[in-house]
Number of protein chains: 2
Amino acid sequence: MNPYIRRIKELSKKMDPEILAEVEAGFVEKEYAKGSLLLQVGQICTSHFLVQSGVARKFYCHSNKEITTEIYFHDDVAISLDSYIMKKPSDVYLEALSPLKVMVIDYKRFQKVSEKYPEVMILDKMFIEYYAVWFEKKLKEFQTLDATTRYLAMLEKEPRIIQYLPVTIIASYLNISLETLSRIRSKITA
Amino acid sequence: MNPYIRRIKELSKKMDPEILAEVEAGFVEKEYAKGSLLLQVGQICTSHFLVQSGVARKFYCHSNKEITTEIYFHDDVAISLDSYIMKKPSDVYLEALSPLKVMVIDYKRFQKVSEKYPEVMILDKMFIEYYAVWFEKKLKEFQTLDATTRYLAMLEKEPRIIQYLPVTIIASYLNISLETLSRIRSKITA
DNA sequence: TTGATTATTTGACTCAGGTCAAATTTCCGT
DNA sequence: ACGGAAATTTGACCTGAGTCAAATAATCAA
């Protein structure tokens with residue numbers, strides 16, 4: 001996702017500085033310890049979390065297993081979209097996987113600014129558009145690629161993931177078992 | 001998707017009738033014969049197609065196989081999101097599965113109105129938000145449910161699909177083979 | 001450094017769902 | 001109503017990936 005966020009960031013630089021200042025006045029910096037939760041299941045997600053430094057993930061539990069659906073690095077935005085949009089309790093966790101620094105962007109406050117300035121709303125809309133496109137692509141990956149190919153695609157497109165994260169989480173992100181991931185790796189290296 | 005579209009429709013009724021008229025002035029009704037394409041692979045998608053009557057689908061080809069990703073009935077919106085948003089050639093087809101009547105909503109024209117009236121842009125944004133949420137849910141389904149459960153979920157939530165469509169398309173929508181679908185059906189009926 | 005705990009790999013086995021081929025049913029056009 | 005094409009079902013077989021269990025390897029606290 002983060003090339004998209006960067007694009008939005010760039011566009012925001014072209015905005016009237018006063019408006020930009022008003023937007024950014026609503027950003028609050030916050031830190032989380034490794035392992036702590038930015039969002040609990042059951043909580044309603046009322047903010048975007050823009051990652052400044054560190055790593056985080058989104059995951060949910062299904063038959064005693066954790067499934068990681070997104071991994072966030074610098075300039076990624078962590079959010080439980082379903083909860084945020086539908087204003088209903090989240091069915092996913094957002095967790096810091098390292099000491100984490102984020103900008104918290106509060107929904108209500110941002111909403112107000114966004115309704116005042118169309119150019120802000122356009123960027124907000126752009127964020128969701130990119131998110132939707134990203135999901136469509138992920139879905140396609142699961143529909144068409146087998147485990148090995150998904151792993152290779154990840155190596156190629158998101159190499160930071162293998163550099164920083166334990167196998168448990170990588171496997172759950174690829175939606176395969178630990179053992180299968182291990183076998184894929186040894187096959188590749190050989 | 002269509003409960004979401006209905007919600008947007010309802011909200012649009014509360015809008016200033018003059019604005020609404022301006023929006024709707026950009027809608028063009030169009031008809032397609034069964035089997036014809038609303039959008040070709042390679043073409044850039046510049047409109048939303050709001051289905052009035054009939055059935056359509058989105059699909060793409062992968063190793064000589066067609067994979068159907070969305071099926072549209074009355075009040076659904078057919079669109080190649082990736083192409084539309086990123087302004088790049090589509091990698092999916094949109095096809096009429098029956099005689100089809102749609103409202104064509106042209107991107108450029110709508111965009112202009114939308115930038116003029118924030119209340120219009122909000123509805124536009126809402127459309128994408130719902131779309132993203134829907135994709136997130138679909139992805140979760142593929143990650144957690146086996147073929148039989150996916151079929152049962154479809155029966156439950158999208159019963160029109162089995163009523164109107166040939167098995168080939170249903171199977172490709174569930175991302176399983178024809179034969180597997182056939183086996184699932186006979187197991188269920190028994 | 002060492003022992004204990006946790007993470008990763010390897011092995012043996014199972015199973016959901018795929019493939020290919022053949023049989024059967026359904027659907028039309030004439 | 002009949003014959004042929006297309007759709008659907010059934011059978012035999014195979015394979016990717018899961019599970020459970022055991023073996024190694026890595027990590028870390030004292």
Side-chain angles (χ1 to χ4, degrees), chain A residues 33-35 55 57 59-69 71 95 97-99 138-155 160-190, chain B residues 33-35 55 57 59-69 71 95-99 138-155 161-190:
Chain A
K34 176 174 176 171
V55 195
R57 67 161 173 160
F59 73 98
Y60 61 87
C61 295
H62 183 260
S63 47
N64 318 322
K65 222 170 282 171
E66 291 181 0
I67 300 182
T68 301
T69 50
I71 294 174
E95 180 195 23
L97 293 174
S98 74
K138 266 221 107 176
L139 182 58
K140 190 172 177 178
E141 259 185 46
F142 275 104
Q143 286 177 332
T144 55
L145 308 180
D146 64 15
T148 307
T149 319
R150 288 206 304 277
Y151 177 72
L152 292 173
M154 196 199 66
L155 274 195
R160 286 175 301 179
I161 289 177
I162 33 147
Q163 280 159 32
Y164 296 114
L165 301 178
V167 187
T168 328
I169 288 178
I170 300 174
S172 88
Y173 183 62
L174 293 168
N175 204 30
I176 60 182
S177 70
L178 267 187
E179 295 92 331
T180 298
L181 176 54
S182 175
R183 285 180 184 114
I184 288 171
R185 297 183 103 160
S186 64
K187 196 177 19 156
I188 305 277
T189 327
Chain B
K34 176 174 176 171
V55 195
R57 66 161 173 161
F59 72 98
Y60 61 87
C61 296
H62 183 260
S63 48
N64 317 324
K65 222 170 283 175
E66 291 182 0
I67 300 183
T68 302
T69 51
I71 295 174
E95 180 195 24
L97 293 174
S98 74
K138 266 219 108 175
L139 183 58
K140 190 172 178 179
E141 259 185 46
F142 275 104
Q143 286 176 332
T144 56
L145 308 181
D146 64 14
T148 307
T149 320
R150 287 206 304 280
Y151 177 71
L152 291 173
M154 196 199 67
L155 274 195
I161 290 177
I162 32 146
Q163 280 159 30
Y164 295 114
L165 301 178
V167 186
T168 327
I169 288 179
I170 300 175
S172 88
Y173 182 63
L174 293 168
N175 205 29
I176 60 182
S177 69
L178 266 187
E179 296 90 333
T180 298
L181 177 55
S182 175
R183 285 181 183 112
I184 288 172
R185 296 183 103 162
S186 64
K187 195 179 16 157
I188 305 277
T189 327

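In the text below, chain A, chain B and the rest are named by the order of the sequence lines, each starting its count at 1.
- Between A:L174 atom CG and A:T148 atom OG1 the span is 10.0 Å, to the nearest 0.5 Å.
- With values rounded to the nearest 0.5 angstrom, A:R57 atom CZ is found 4.0 Å from A:T68 atom OG1.
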The contact string for nucleotides 18-29 of chain D, one letter per nucleotide 5' to 3', using protein heavy atoms under 4.0 Å with B, S and - for base, sugar-phosphate only and none, comes out as SBB---------
Mind running side chain to side chain contact (heavy atoms under 4.5 Å, CB included) on B:I188 and B:L152 for me, showing each step along the way?
CA-CA 9 Å; B:I188 305 277; B:L152 291 173; 3.6 Å; yes
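- Without hydrogens or angle criteria, B:S182 side chain to B:L178 main chain gives no donor-acceptor distance under 3.5 Å.
- Within a 6.0 Å radius of OH in A:Y60, more than 12 heavy atoms belonging to other residues, nucleotides or ligands are found.
- The interatomic distance linking A:D146 (CG) with C:dT19 (P) rounds to 12 Å, in whole Å.
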Please step through side chain to side chain contact (heavy atoms under 4.5 Å, CB included) for the pair B:I71 and B:L165, ending with a clear verdict.
CA-CA 10 Å; B:I71 295 174; B:L165 301 178; 3.6 Å; yes
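- The local environment of OH in B:Y164 is sparse, with at most 12 non-hydrogen atoms from other residues, nucleotides or ligands closer than 6.0 Å.
- Near DNA chain C, meaning a heavy atom under 4.0 Å away, there are no residues from residues 164-174 of chain B.
- The B:L178 side chain lies nearest to D:dT8 when the options are D:dT8, C:dG17, C:dT9.
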Given B:E66 and B:E95, is the side chain to side chain contact (heavy atoms under 4.5 Å, CB included) satisfied, shown in steps?
CA-CA 12 Å; B:E66 291 182 0; B:E95 180 195 24; 5.5 Å; no
